[in-house]
Amino acid sequence: MAFASPQVVLASGARGTTAGTAGSATSVSDVGNQLCLALNVTAISGTPNLTLSVQWSMDGVTFMTPDPAADAFTAVTAVNALVRVFEMKAPFFRLFWVISGGTPSLTFDVTAYVTP
Amino acid sequence: MSLDRSNPRVVLAAGTVAGGNPGGTLTTSQIQLARTSERLALLIDQSNDCPTTHLGNPVAASLSMSVEWSPDGTSWYQGDSTDSVTLPVTKNGANLTSTLLTVKGSFYRLVFGAQSYDNNTSVSVSCTFTITVTEFDPTAGK
């Protein structure tokens, strides 16, 4: 049984210390309750520390971070392929990431899909 | 939430975890969910003797089992800490371990690894598990 088609929210690319957002106003399906995000880190240089989180929006314009606990991956410091599931909190979401560390660079992409 | 019990199937008939430090892994074939399930319950039954030996002497060891997920059967991703369990390995004993997972993809596979509790020792483990997977589908019966 397959779920809704996976959607690339953030295409693969090398990213440095600048914080970023992606997938703004990405509408999620109403057929499930869980948003799965598949993070694929394919290359690193320096000593990077990637914090990737999800922000939610009711209108696709104003985005909010869940409180008290953010919907976030644990910090990523190495090449890896990880999936995390987040309970959906609004019709729209976007990714928000911050990269820190010593001369850091990570090449990564993110794919989203919805499960029940 | 209704319960749907999938047909039992053999996904890993027999295999060997490769040696080395920290040791190799053994991965099952991929399994596709039978339904649009929300949870997976895994019941891991070690009902037989699982001898572990080191230089002819029994030592303590454990097996770890983690679940990897895929949305398409091609790209595989590690889950979070809830997707990993440690399986105690005992001689002349029986262990029953269960875990409840949140579904993170349409496909999953099981990855086994072995560890010794005694550092710097090479351990041989021979163990058989029966793993029963039950899918929980929130839409079943509606």
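A quick note: this is a predicted structure, and the numbers were derived from the prediction, not measured. The analysis underlying the following values was restricted to heavy atoms, covering all of them including side chains, and did not include hydrogens, waters or symmetry mates. Every chain is numbered from 1, with letters handed out A, B, ... down the list of sequences.
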How far does [atom1] of [X] sit from [atom2] of [Y], to the nearest 0.5 angstrom?
X	Y	atom1	atom2	value
B/W69	A/T115	CH2	OG1	9.0 Å
B/R39	A/Q34	CZ	CD	6.0 Å
A/R84	B/D83	CZ	CG	8.0 Å

Which heavy-atom pair separates B/E38 from A/P116 by the least distance, and what is that distance?
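Smallest heavy-atom distance, with atoms named: CG-O, 3.5 Å.
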
Do you know the tightest heavy-atom contact between B/W76 and A/A81?
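Closest approach of B/W76 to A/A81, heavy atoms only: O-CB, 3.4 Å.
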
For the hydrophobic clusters of this structure (ILVMFWY residues joined by side-chain heavy atoms under 4.5 Å, transitively), does one cluster hold both [X] and [Y]?
X	Y	answer
A/V79	A/F108	yes
A/L35	A/V85	no
A/F96	A/L106	no
B/V111	B/V133	no
A/L50	A/V110	yes

Part of B/D72 within contact of chain A (heavy atom distance under 4.5 Å)
neither

Does the side-chain contact (heavy atoms from CB on, under 4.5 Å) test come out yes or no for A/N80 and B/Q78, once each step is laid out?
CA-CA 8 Å; A/N80 212 339; B/Q78 296 176 12; 3.4 Å; yes

So, does B/Y77 use its side chain to make a donor-acceptor pair with the main chain of A/L37 at under 3.5 Å?
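No; judged by distance alone, with no hydrogens or angles, the pair does not exist.
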
Best-contacting candidate, A/V83, A/L39, A/N40, against chain B by heavy atom pairs under 4.5 angstrom:
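Option with the top pair count is A/V83.
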
